[in-house]
Asks: 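I'd like to ask some things about the structure below.
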Amino acid sequence: MTGWTREQIAQRAAVDLNDGMYVNLGIGIPTLIPDFLPNDVEVIIHAENGILGVGTYPDEADIDPDLINAGKETVSVKRGASFFDSATSFSMIRGGRMDLAVLGAFQVSAGGDLANWAVPGKLIKGMGGAMDLVAGAARVLVLMEHMNRSGEPKIVVECSLPLTGRNVVDRIITDLAVIDVTDQGLRVVEFAPGVDAHMLRSRTGAPLIIDGR
Amino acid sequence: MTGWTREQIAQRAAVDLNDGMYVNLGIGIPTLIPDFLPNDVEVIIHAENGILGVGTYPDEADIDPDLINAGKETVSVKRGASFFDSATSFSMIRGGRMDLAVLGAFQVSAGGDLANWAVPGKLIKGMGGAMDLVAGAARVLVLMEHMNRSGEPKIVVECSLPLTGRNVVDRIITDLAVIDVTDQGLRVVEFAPGVDAHMLRSRTGAPLIIDGR
Amino acid sequence: MDKVSSSAADAVADIGTGASLAVGGFGWCGVPTVLIEAIRDAGATDLEVVSNNCGADGWGLAILLAERRISRVVASFFGDNREFARQYLQGELEVEITPQGTLAERLRAAGAGIPGFFTPTGVGTLVEQGGLVWRFDHEGNAAVVSPAKPVRTFVRAGKAQQFLLEEALPTDFAIVRAALGDRHGNLVFHASAKNFNPLAAMAGRITIAEVERLVEPGEIDPDLVHLPGIFVDRIVELTPEQVAAKQIEKRMVKGMVKR
Amino acid sequence: MDKVSSSAADAVADIGTGASLAVGGFGWCGVPTVLIEAIRDAGATDLEVVSNNCGADGWGLAILLAERRISRVVASFFGDNREFARQYLQGELEVEITPQGTLAERLRAAGAGIPGFFTPTGVGTLVEQGGLVWRFDHEGNAAVVSPAKPVRTFVRAGKAQQFLLEEALPTDFAIVRAALGDRHGNLVFHASAKNFNPLAAMAGRITIAEVERLVEPGEIDPDLVHLPGIFVDRIVELTPEQVAAKQIEKRMVKGMVKR
């Protein structure tokens, strides 16, 4: 089999999380990351609706309608958690205290521009907290499929979709590779199993630096 | 005897306080006001260092080093009090929720300009919260002696001292009179005992409207 | 001092047609549903609503939307609400789409007497450049779009960086929900139901709070007050039935598969 | 996760000469005195300090002032501190005089990623126009004065009004004091000792808190946390003796005559 599954993408992303980090995990693949963290890595998960220290889904008996995550699902909290209002929550983000934001994307450009909130002609749902997260988090990690459903590359020279932020993405992990956004351009850090330079270049809409070239 | 004492100025000011008002009382004469409030008038006193519901000085046994007013004196709090940080405290002020600020002054101009924080040639102590209070409170009441120690009027056409705020004073209560700052100019609302129009005009450095003239 | 209203109907009676309204809540959590119902019953229309979401499926603000009582919304996310989408696309509803953190800060700024502030959020996007569709015409073309926002350079951590200017969002009224309140208007929130509630309360010229439990002044420790009573003008105590009616949008329990 | 430092000395060891420092406290209340003493003992000098006051009579920041370790101060009030006045007037100390509410908001803005905001405070005064003396020369003449601030008109309650632009005050370090803290850095303050502490903590790139009582994570109810641990990098637990050393600047009891 070629490439990584959704779970394997999350597993690879988990390697980038260090003990003591404050992280915000977007909806979709990012929410799978905690399942792949080693026991000795404790990260504090932020929910932008006002929680630090988000835990697992609750036991039936502990369900509280007042306690949901940013995806509007009931959750529990870990020891040492705190609750706060939305202005404080986004202060943490814009103020640079959030070590890492992990989100999905429609497109990422060679310069680290991110498009993940609107597709012209489709219904706009609103950007929620995505623009704040990418503008403020110390590091932005994008997890996504390498190509879209029409088979077009999602990594492009310039995004054609409305931007969420300009020059904000630090690293992209797809089903095919781990790619860093650097001042020199997109640098491939790691290939998924069965992927080689030729295949990756053919499925990517922007130049890639592989082995320094 | 001519005019009002410090206590009588405070007593006259107390008439302007209504039940349910949120008020900030500056250092000096304003702190005497609560002693003259009728029993059925409950006002909530704000201390800009982070208290709503300031009470009297505490009983000896209740003294708490962590509980002081903006004058740095130990205080008690009333039922229904709350504590908050300084940004929240000044949000209440600038946000227009503070019904009344009562403070002293060096000079007040005919246009309601206030000078009460700095005298050139004398040591500057800092403006503390005075500039925020006069810029933000819904109503600003100045309590002061009508003349300074050199016998010069403190109510003037234009302030010669550095301003605390421009066009911010609503009412002045001195030892000689109650004077409103209106769009038409300074209007005398009330004379202290033994004070007449001639005397008041001679001790005031700006035109006064008395009985409509 | 007693800010308690005799009923929700009384508390909202002066919210008239054309009023602007900041509303607390995130999704279905911490939403002042009883005050929203009272506003529906009172009949005001042409409302401008500032709220992160706009309810869904007959819950929260959706009941005002359903009756076409809202003419303009400022919100960050409304992907869960089909009737909202329909009204927006057919030009019946004007929508100012605002990033979530910017929305929170604009409400706080209104309450803090800060008319505008600079933020990095949205720089280089349509939020800065303008052109977000606020209103469609009946043919589905853009009729009103967002203006470009002023940009200013500040040096941050030694690096010149661009920020855009956002303006405060003061409203005529605010309606919020709290777990606990006293007669002075002091409020305490629970868990993630705090969300936009303190900020909406700050933004309202007149702020009305529905509380799940009402206590006498002095029963809340002054150190534990989340929102000082000065920001609250009226209090409505909920009945146990109203409190129990709280709903859950996405009920998840341990072991369920993440999506 | 354990942010507890082994000692105050350890916690401040990397605060070097030339560092900027946000310091909590108002008057003598809520001042991180033990961390201030540790900084004195560590020897850093040429410090820039952001603090509403600057201590007095050998208390708080006055002990750093006395040793001439502070070269610049941002403060709103220092009328009680004679040595401060002497250093300022003789050109030994630069002082940026800032309205108190503006100071609080500038610290919060730094922590909130807001590089600048507009405020009504100081419009039409020297704060707007510039010319406040920041530094005297040795003859007592103004050597450095404050610049004029940009002004912008906003419509507020239907009326055009002028506001001035204030910039955020981020610092290299912040030192604060809290009544209670846990190993994750969550803090709880008591009474008016809260004051500037949460704001200073937000402004610091590295924030150090001294706490009167240290507990394990989970012992503080998440609803009762005043400052979430994300804003705090290091915690120092005070000894009972250090807690008991708290002083009162103006001890007043019931019946005393007001001044």
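All chains are named by letter (A, B, ...) in the order of the sequence lines, taking the proteins before the strands, and each is independently numbered beginning at 1.
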Asks: As an exercise, state the distance from CZ of A/F83 to CG of D/D221, rounded to the nearest 0.5 Å.
Replies: 7.5 Å
Asks: Under 4.5 Å from any heavy atom of chain D, what part of A/A135 do you find: side chain, backbone, both or neither?
Replies: neither
Asks: Only pairs of heavy atoms separated by less than 4.5 Å count here; which of A/R97, A/R79, A/M92, A/K78 has the most with chain D?
Replies: A/R97
Asks: Which members of residues 160-168 of chain A, sorted by number, sit under 4.5 angstrom from chain D on a heavy-atom basis?
Replies: none
Asks: Please name all residues satisfying ring pair (Phe, Tyr, Trp, His ring centres under 6.0 Å) with A/W117, sequence neighbours left out, ordered by chain then number.
Replies: none
Asks: Can you tell me how far CG of D/L224 sits from OG of A/S82, rounded to the nearest 0.5 angstrom?
Replies: 11.0 Å
Asks: With a 4.5 Å cut-off on heavy-atom pairs, point out which of D/G229, D/A109, D/A110, D/G113 contacts chain A the most.
Replies: D/G113
Asks: Out of A/D19, A/T88, A/I44, A/V77, return the one with the most heavy atom pairs under 4.5 angstrom to chain D.
Replies: A/I44
Asks: On a heavy-atom basis, which atom in A/R94 and which in D/A112 lie closest, and how many Å separate them?
Replies: NE-O, 2.8 Å
Asks: List for me each residue that meets side-chain hydrogen bond (donor to acceptor under 3.5 Å, both in side chains) alongside A/E190, sequence neighbours excluded, and say none if there are none.
Replies: A/R12
Asks: I'd like to know whether CZ of D/R213 has more than 12 heavy-atom contacts from other residues, nucleotides or ligands below 6.0 angstrom.
Replies: no
Asks: Quick one: which residues of residues 159-197 of chain D reach chain A at under 4.5 angstrom, heavy atoms only?
Replies: D/D182, D/H184, D/N186
Asks: For residues D/M1 and A/G20, report the shortest heavy-atom separation together with the two atoms involved.
Replies: CE-O, 3.1 Å
